[in-house]
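The structure presented is a predicted model; accordingly, all values stated were derived computationally and were not measured.
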Amino acid sequence: MMDDVPHTSANLRRAPVQQRSAERLARILDACAALLDEIGYEALSTRAVAERACVPIGSVYRFFTDKRALAEALALRNLRAYEERLAVRLAAVPASDWRAAIDALLDEYLAMRRSVPGFAQVDFGAGAPADDPRRAANQRLADRLADRLAEHVGRDPDAGLRRAILVGVEAADALLQLAFRCDPSGDPEIVAETRVLLRAYLARVLD
């Protein structure tokens, strides 16, 4: 269960030190994810999360100051899970085949978007409150992907690659939002166009 615990930088007031506490934290985050799918971020409350998780409200406040901190912790748990899934996928992709690596990045995101509770609401960033715009989450994701991709293909994650990955993340984010607006499972034609766009754009820095 400890693998489900977000990093202590994830707005936690107190990091769990015992297995029982870690399990309770994971249950709270699971409840938050389920409620995000049901009622959305705006209607989310710490009391509703506590009731769904079957824990006292004080247990929620032991870890989180508010629902923003809850959503941020869930987003970082999603990011950790995404990176773990990528590590498995990329291990089977030859370093010379960067296009297959890009496909893996996109495919794993789509798989999580379609199956992970709460992911559609927060993915890798909190519920986009005014002081934490979506671009902050995209920058964080782009930084991680630049490091991961550079390591995979055996090059330095220089400024040019980081800039290109950030542009690719921002473009893919906009297109995938469109794809999921058009189809709850992600419009396959728009997803295909997203794949074409990423491959064509990133060829300038990866070929």
Subject >> Under-4.0 Å salt bridge between Lys67 and Glu72 >> reply: no

**OP:** Taking the side chain as every heavy atom from C-beta outward, state whether Cys32 and Arg52 have any pair of such atoms under 4.5 Å apart.
**Re:** no

**OP:** Working to the nearest 0.5 Å, report the span between CG of Asp143 and CD of Gln139.
**Re:** 4.5 Å

Subject >> SB check Asp158 Arg163 (cutoff 4.0 Å) >> reply: no

**OP:** Assess whether atom CD of Glu38 is packed by more than 12 heavy atoms of other residues, nucleotides or ligands within 6.0 Å.
**Re:** yes

Original post:
With side chains defined as the heavy atoms from C-beta onward, is the minimum distance between Ile165 and Val169 less than 4.5 Å?
Top reply: yes

Original post:
Under 4.5 Å between any side-chain heavy atoms of Tyr109 and Phe119, yes or no?
Top reply: yes

**OP:** Would you give the length of the straight line joining atom CG of Asp123 to atom CD of Gln177, rounded to the nearest 0.5 angstrom?
**Re:** 8.0 Å

**OP:** Check Arg113, Arg148, Arg89 against Glu108 for a salt bridge (Lys or Arg N to Asp or Glu O under 4.0 Å) and give me the one that passes.
**Re:** Arg89

**OP:** Drop me the distance from Ser45's OG to Leu70's CG, to the nearest 0.5 angstrom.
**Re:** 10.0 Å

Original post:
For the hydrophobic clusters of this structure (ILVMFWY residues joined by side-chain heavy atoms under 4.5 Å, transitively), does one cluster hold both Ile190 and Phe180?
Top reply: no

Subject >> Pair listing, salt bridge (Lys or Arg N to Asp or Glu O under 4.0 Å) test, anchored in residues 198-207, at least two apart >> reply: Arg99-Asp207, Asp103-Arg199

**OP:** Taking Asp187 for its side chain and Cys182 for its backbone only, find out whether a donor-acceptor pair lies under 3.5 Å.
**Re:** no

Subject >> Rounded distance [0.5 Å steps], OH in Tyr82 versus CG in Leu145 >> reply: 5.0 Å

Subject >> Shared hydrophobic cluster for Leu197 and Leu178 (ILVMFWY, side-chain gaps under 4.5 Å) >> reply: no

Original post:
Is there side-chain contact between Leu206 and Leu161, with heavy atoms separated by less than 4.5 Å?
Top reply: yes

Subject >> NZ or CZ of Arg140 within 45° of Phe124 ring axis and under 6.0 Å >> reply: no

Original post:
Would you say the side-chain atoms of Arg24 and Ser59 include a donor-acceptor pair closer than 3.5 Å?
Top reply: yes

